[in-house]
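In what follows, a structure is listed as structure tokens, so that the remarks can point back to it.
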Amino acid sequence: MHVGVDSFVSQVTDPSTGHVVGPVERLSHLLEEIELADRVGLHSFGIGEHHREEYYDSAPPVILAAAAARTERIRLGSAVAVLSANDPVRVFQQFATLDLLSKGRIDLVVGRGSFTEAFPLFGLDLADYDELFVEKLDLLLRLRASTHVTWSGRHRPPLTGQGVYPRPVQDPLPIWVGVGGTPESFLRTGVLGLPLMIAIIGGEPRQFAPLVQLYRRAGVEAGHDPADLKVGLHMFGYVGEDVRSASDIVYPGWHEMFTTVSRERGFRPPNRAQFDATSGPDGAFVMGDPDTVAAKLARVSDQLGGVDRVSIQMTNPRMSHGDLLRGIELLGTEVAPRVADV
């Protein structure tokens, strides 16, 4: 199992000083976090895409380009790129260029996104939510397969054989599909034979086992090599000195984030009991000391029939830069070696 970090580059208020970290300082901190992840041997670092006030990740390729210039080994990627709201030609060009800059260290994870701000921002109709993604993924895969593409669809002007440049170092450029919990998404990804990145943000990871089986079965029946049907997980979490201290570091920011989301979506406000339950042995969060986190990752992999990659999402608006660096360090030096053979 490969282990990495995902970040949504949230705004941060330092919990001990009350200092509000501005965007210039926050992005500087982010690059320090990515450099550390590279030094401690983590497999990957992903940058999300949001178009909201509380996040600074609306332009992931720009951030990833800066990270590529300051790292040597770590794989860099999207977490996820909201393909539905982007032009697949530009997405391919941007990530092919990133692949050149990084000398072949880029993964493109595409999805529809769990927030919807990008749709009105770019003049798209939410009624086309599903159709946009299916059509644009089809075009993206055609662009990956061939320099010159003839294609037409409903949501973009046609291509009539124009060349799309540059071409990436990796052939093919790795494209993963980020999914939530809909069977149709797992089935479609399996039929296409693409690697799967599952966002587990609630419930119990073992509940995804039937969907993972559906993905693998669909891929094999479509004629794909089972070795190509990789499964990755995007999970919320943190590695600390012990379970309680890790939870205490994460909870204030988690409560702030999910209070905002609950208010917007009409959910019941979150509480500490809910957080602690979700952080427990069977919950969706990966929280605790290195032994606890490693044991949970191994157990989840077993429940899902094998997991190739796990990315821990540590974004938190109330976590100090020092605590985040410490979490990344422990993840790389203590957790990753424990699960390398899982």
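For the side-chain contact (heavy atoms from CB on, under 4.5 Å) test, residues two or more places apart in sequence or in another chain that qualify with Ser279 are Phe275, Phe285, Met287. By the ring-ring contact (aromatic ring centres under 6.0 Å, His included) test, Phe208 pairs with no residue at all, sequence neighbours left out. Qualifying side-chain hydrogen bond (donor to acceptor under 3.5 Å, both in side chains) partners for Arg26, counting only residues two or more places apart in sequence or in other chains: Glu33. Residues satisfying the ring-ring contact (aromatic ring centres under 6.0 Å, His included) criterion with Phe122, sequence neighbours excluded, are His51. Partners of Tyr56 according to the ring-ring contact (aromatic ring centres under 6.0 Å, His included) rule, which considers only residues two or more places apart in sequence or in another chain, do not exist here. In this structure His224 satisfies the ring-ring contact (aromatic ring centres under 6.0 Å, His included) test with no other residue, sequence neighbours excluded. For Glu241, the side-chain hydrogen bond (donor to acceptor under 3.5 Å, both in side chains) partners at least two apart in sequence or on another chain are Arg326. Scanning for salt bridge (Lys or Arg N to Asp or Glu O under 4.0 Å) contacts around Asp87 gives Arg156, with sequence neighbours left out.
Hydrophobic cluster membership of Phe115, counting Ile, Leu, Val, Met, Phe, Trp and Tyr whose side-chain heavy atoms lie under 4.5 Å apart directly or via other members: Val261. Under a 4.5 Å side-chain heavy-atom criterion applied to ILVMFWY residues, the cluster that includes Leu100 comprises Val169 as well. Connectivity analysis of hydrophobic side chains (ILVMFWY, heavy atoms under 4.5 Å, direct or indirect) links Phe267 to nothing; its cluster partners are none.
At a cut-off of 3.5 Å, with distance as the only test, a side-chain donor of Asp289 or Thr292 sits close to an acceptor on the other residue. Side-chain atoms of Arg309 and His43 include a donor-acceptor pair closer than 3.5 Å. For the 3.5 Å distance criterion, the side chains of His321 and Glu32 qualify, holding a donor opposite an acceptor. A side-chain donor-acceptor contact under 3.5 Å links Glu25 and His19.
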(request) May I have the step-by-step check of side chain to side chain donor-acceptor pair (under 3.5 Å) for Arg112 and Ser185, ending in yes or no? (result) CA-CA 10 Å; Arg112 291 176 290 187; Ser185 296; 2.9 Å; yes
(message) Apply side chain to side chain contact (heavy atoms under 4.5 Å, CB included) to residues Tyr215 and Val231 and explain how you reach the verdict.
(response) CA-CA 9 Å; Tyr215 158 73; Val231 174; 3.9 Å; yes
(message) If you apply the rule side chain to side chain contact (heavy atoms under 4.5 Å, CB included), what do you find for Met1 with Val310, and how did you get there?
(response) CA-CA 7 Å; Met1 180 191 293; Val310 175; 3.6 Å; yes
(message) Between Asp128 and Arg154, is the salt bridge (charged side-chain N to carboxylate O under 4.0 Å, His left out) condition met? List the steps.
(response) CA-CA 10 Å; Asp128 297 326; Arg154 280 211 325 124; 3.6 Å; yes
(request) Evaluate the side chain to side chain contact (heavy atoms under 4.5 Å, CB included) criterion for residues Phe45 and Leu36: first the C-alpha distance (whole Å), next the side-chain angles of each, then the deciding distance (0.1 Å), finally the verdict. (result) CA-CA 11 Å; Phe45 203 109; Leu36 176 61; over 6 Å; no
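Using a cut-off of 4.0 Å between Lys/Arg side-chain N and Asp/Glu carboxylate O, Lys296 and Asp282 are scored as not salt-bridged. Using a 4.0 Å cut-off between charged nitrogen and carboxylate oxygen, Arg216 and Glu221 do not count as a salt-bridge pair.
A donor-acceptor contact shorter than 3.5 Å is absent between the side chain of Arg70 and the backbone of Ala67.
The minimum heavy-atom distance between Pro195 and Thr189, with the atom names listed, is O-CG2, 3.9 Å.
A cation-pi arrangement, defined by a distance under 6.0 Å to the six-membered ring centre and an angle within 45 degrees of its axis, is absent between Arg144 and Phe92.
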Only pairs under 3.5 Å count here: list side-chain donor-acceptor contacts from residues 330-342, not counting sequence neighbours, and write none if there are none.
from: Thr333; atom 1: OG1; to: Glu329; atom 2: O; distance (Å): 2.8
from: Glu334; atom 1: OE1; to: Arg338; atom 2: NH1; distance (Å): 2.9
from: Arg338; atom 1: NE; to: Asp291; atom 2: OD1; distance (Å): 2.8
from: Arg338; atom 1: NH1; to: Glu334; atom 2: O; distance (Å): 2.6
from: Arg338; atom 1: NH2; to: Asp291; atom 2: OD1; distance (Å): 3.0

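In terms of hydrophobic clustering, with Ile, Leu, Val, Met, Phe, Trp and Tyr side chains grouped at heavy-atom distances under 4.5 Å, Leu196 and Val109 are assigned to different clusters.
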